[in-house]
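These numbers come from the heavy atoms of this one structure, side chains and all, not from hydrogens, waters or symmetry mates.
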Amino acid sequence: FPDLSLFRSLAQSISLQAGAFVDPLGLEQEDAPDRDQVSHGQVWHLLAGQTSLPGNNVQGIAVQGILGHSSFYAALLNDLGGVSNRHSLAMMLATEPAEHLRLQGGFATQAHLESNAASAETLLALSAVWTAANYTATVEYFAGDKLINAVYSVTGDYRWTKFLAALRWD
């Protein structure tokens, strides 16, 4: 019989997601347990403004998985801006090239029509997260083909046992 261990390990590290879910682009998540600060930064607001669903959510089907120190995400979505009969493609790759350092990059496409004049068309999101002991530092960059040249965010956090001190510069 052939050795199926490679297929078995791939099946355990790849998942399929369908329906409405949080946009994987950007560092900040919608729900409080998944984010460190009370308010969202400009990058999150711009990404949320590009999606027709509330709270930076998207709707479609996605494949995501983990391969070694890297993770990937690919999705076919209903158009981010809600244009009917149009679809968006989103892809994201994250890797940990060194201990305490995580790099992430991704993009999403969307229709740009008269009915969706607020569309930034292709979105690009890049980020780096460095963690050590109680410290976390992040840098995030966001750009679009239209409407938005570039936006960036720099944050720093320090955690005590029950408290968090955070600085953010957008």
Side-chain angles (χ1 to χ4, degrees), residues 5-6 8-17 19-51 53-58 60 62-75 77 80 88-110 120 122-145 147-170:
S5 61
L6 174 63
R8 199 174 12 249
S9 65
L10 281 175
Q12 292 173 349
S13 64
I14 296 175
S15 64
L16 183 66
Q17 187 175 15
F21 45 90
V22 175
D23 186 354
L25 295 180
L27 291 176
E28 290 186 77
Q29 297 299 309
E30 169 62 19
D31 303 317
D34 299 324
R35 67 177 201 227
D36 291 329
Q37 299 177 6
V38 175
S39 63
H40 291 294
Q42 288 184 22
V43 173
W44 184 89
H45 283 288
L46 287 169
L47 284 169
Q50 293 299 303
T51 60
L53 297 176
N56 199 16
N57 288 308
V58 294
V63 174
Q64 53 191 356
I66 299 170
L67 300 171
H69 294 287
S70 300
S71 60
F72 68 91
Y73 172 94
L77 307 169
L80 294 181
S88 293
L89 174 66
M91 299 185 92
M92 189 265 304
L93 178 66
T95 187
E96 295 180 11
E99 188 176 7
H100 307 294
L101 179 63
R102 180 173 174 83
L103 304 174
Q104 179 176 312
F107 74 91
T109 64
Q110 61 181 319
T122 302
L123 309 172
L124 173 69
L126 304 171
S127 62
V129 179
W130 175 78
T131 56
N134 297 344
Y135 299 99
T136 301
T138 67
V139 176
E140 189 171 20
Y141 173 84
F142 171 76
D145 282 344
L147 301 179
I148 303 160
N149 288 332
V151 176
Y152 56 90
S153 173
V154 178
T155 63
D157 299 342
Y158 181 79
R159 293 180 187 279
W160 287 277
T161 306
K162 295 182 181 181
F163 299 99
L164 171 74
L167 294 172
R168 177 172 58 215
W169 181 47
D170 289 332

Which heavy atom of [X] sits nearest a heavy atom of [Y], and at what distance?
X    : Y    : value
S70  : T95  : OG-OG1, 3.0 Å
D170 : S153 : OD1-OG, 2.9 Å
T155 : R168 : CG2-CG, 3.5 Å
L67  : S13  : CD2-OG, 4.4 Å
A74  : M91  : CB-CE, 4.1 Å

Is the gap between the ring centers of W169 and Y152 under 6.0 Å?
yes
Does the side chain of R102 reach to within under 4.5 Å of the side chain of S71, using non-hydrogen atoms?
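Yes, side chains in contact.
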Mind checking whether L123 and F142 have side chains closer than 4.5 Å, heavy atoms only?
yes
Is there a donor-acceptor pair closer than 3.5 Å between any side-chain N or O of H100 and the backbone N or O of T131?
yes
Backbone of L89 reached by a side-chain donor or acceptor of T109 within 3.5 Å
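Yes; judged by distance alone, with no hydrogens or angles, the pair exists.
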Audit row: F163, Y158, side chain to side chain contact (heavy atoms under 4.5 Å, CB included) steps and yes/no
CA-CA 8 Å; F163 299 99; Y158 181 79; over 6 Å; no
By the definition side chain to side chain contact (heavy atoms under 4.5 Å, CB included), identify the one residue from L101, T136, L103 that meets it with V129.
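It is T136, the one option of L101, T136, L103 that forms the side chain to side chain contact (heavy atoms under 4.5 Å, CB included) with V129.
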Applying side chain to side chain contact (heavy atoms under 4.5 Å, CB included) between M92 and each of F107, Y73, F72, report the one that passes.
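Exactly one option meets the side chain to side chain contact (heavy atoms under 4.5 Å, CB included) with M92, and it is Y73.
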Check ion pair D157-R159 (N to O, under 4.0 angstrom):
no
